[in-house]
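See below for the structure under consideration.
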Amino acid sequence: MSLEVTVAVPFKQQGTTRLGEGEFVVALSLDRNWFSPDQAKRLIDVAAGRGLLAREDGDVVAQFDPPSVTVPDEYEPDQSILREQSAFERILDALVAAGCDKQEAVADVNERQRRLGISVEAAAALYARERGVDVGDAVERAKATFEE
């Protein structure tokens, strides 16, 4: 996952799991020249929304094990990682990571959505639950679409 790889780089660079927010921003914007400072701050928001980072007392704290993340040589993130994923995208990512075939999952979710007359997010959450796939807080976001 490129978001996790991107977020891991500053921590790996400093050999820690906790950085000041400014240090994190500098590592991605000035040291790596991957993002503008504003984009690096946006990345923190997106990563926090995905449960990869937490903010504590002005610091950014990894909620994963940065040393275990492999950063490919010549890695450079795509700007699309700055876009927050929808609940459906997050659930689909979790399904694929758990070994489900992406095309089959999408087809089954779409069929369920049509048959039950519910949102795609709710259908994906049901599909994941039936397969025992943990989708974290994405299920709460999917529930919100079901209740609308």
Side-chain angles (χ1 to χ4, degrees), residues 1-102 105-106 108-110 112-113 118-148:
M1 173 195 326
S2 63
L3 178 60
E4 185 176 47
V5 172
T6 303
V7 170
V9 168
F11 295 108
K12 289 175 74 85
Q13 187 175 301
Q14 297 296 321
T16 185
T17 58
R18 183 182 198 103
L19 291 169
E21 186 168 330
E23 290 177 277
F24 187 88
V25 169
V26 166
L28 294 175
S29 60
L30 298 177
D31 294 350
R32 296 284 177 157
N33 200 30
W34 286 345
F35 304 103
S36 71
D38 286 342
Q39 288 174 319
K41 289 176 186 174
R42 172 74 182 132
L43 183 72
I44 294 171
D45 293 337
V46 171
R50 294 284 306 274
L52 294 172
L53 297 177
R55 287 187 167 106
E56 295 176 9
D57 303 321
D59 288 343
V60 178
V61 182
Q63 301 298 295
F64 63 101
D65 183 30
S68 70
V69 177
T70 301
V71 181
D73 292 338
E74 307 300 317
Y75 173 76
E76 188 164 333
D78 186 88
Q79 298 293 313
S80 67
I81 68 170
L82 295 172
R83 182 180 60 82
E84 191 165 355
Q85 289 184 307
S86 70
F88 172 73
E89 291 168 318
R90 292 174 63 188
I91 292 168
L92 187 59
D93 283 352
L95 287 163
V96 171
C100 295
D101 178 74
K102 186 174 184 174
V106 170
D108 288 350
V109 166
N110 286 338
R112 178 167 305 195
Q113 176 192 17
I118 58 178
S119 71
V120 70
E121 291 86 359
L126 288 171
Y127 182 85
R129 183 175 184 174
E130 288 174 358
R131 281 151 186 77
V133 176
D134 180 18
V135 294
D137 69 340
V139 76
E140 293 305 317
R141 291 173 64 185
K143 272 187 195 175
T145 67
F146 186 69
E147 294 166 355
E148 290 176 349

Heavy-atom pair with the smallest gap, counting every atom of [X] and [Y]:
X: Glu121; Y: Ile91; value: O-CD1, 3.9 Å
X: Ala94; Y: Asp134; value: CB-O, 3.9 Å
X: Pro66; Y: Thr17; value: CD-CG2, 3.9 Å
X: Gly51; Y: Gln63; value: O-CB, 3.2 Å
X: Leu53; Y: Ala62; value: CD2-CA, 4.0 Å
X: Val120; Y: Gln113; value: N-NE2, 3.4 Å

Do [X] and [Y] have side chains that approach each other closer than 4.5 Å (heavy atoms only, starting at C-beta)?
X: Phe35; Y: Ile81; answer: yes
X: Arg55; Y: Asp45; answer: yes
X: Ser2; Y: Pro77; answer: no
X: Ile44; Y: Val25; answer: yes
X: Glu21; Y: Lys41; answer: yes
X: Gln14; Y: Leu19; answer: yes
X: Val61; Y: Phe11; answer: no
X: Arg18; Y: Glu23; answer: no

Might you confirm whether atom CG of Asp57 has over 12 heavy atoms from other residues, nucleotides or ligands at distances under 6.0 Å?
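12 or below, so no.
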[atom1]-[atom2] distance between [X] and [Y], expressed to the nearest 0.5 angstrom:
X: Phe64; Y: Leu52; atom1: CZ; atom2: CG; value: 6.0 Å
X: Arg131; Y: Cys100; atom1: CZ; atom2: SG; value: 6.0 Å
X: Leu92; Y: Tyr127; atom1: CG; atom2: OH; value: 9.5 Å
X: Leu43; Y: Leu3; atom1: CG; atom2: CG; value: 6.0 Å

Lys12 side chain vs Val7 backbone, donor-acceptor pair below 3.5 Å
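Side chain of Lys12 to backbone of Val7: no pair is present.
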Between Gln13 and Pro10 (side chain of the first, backbone of the second, donor and acceptor by atom type, cut-off under 3.5 Å), is there such a pair?
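Such a contact is absent between Gln13 side chain and Pro10 backbone.
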Does Phe88 have Arg90 sitting over its ring (NZ/CZ under 6.0 Å from centre, angle to axis within 45°)?
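Verdict for Phe88: no cation-pi partner in Arg90.
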Can Asp78 and Ser80 be counted as having a side-chain donor-acceptor contact under 3.5 angstrom?
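The criterion, which ignores hydrogens and geometry beyond distance, is satisfied for Ser80 and Asp78.
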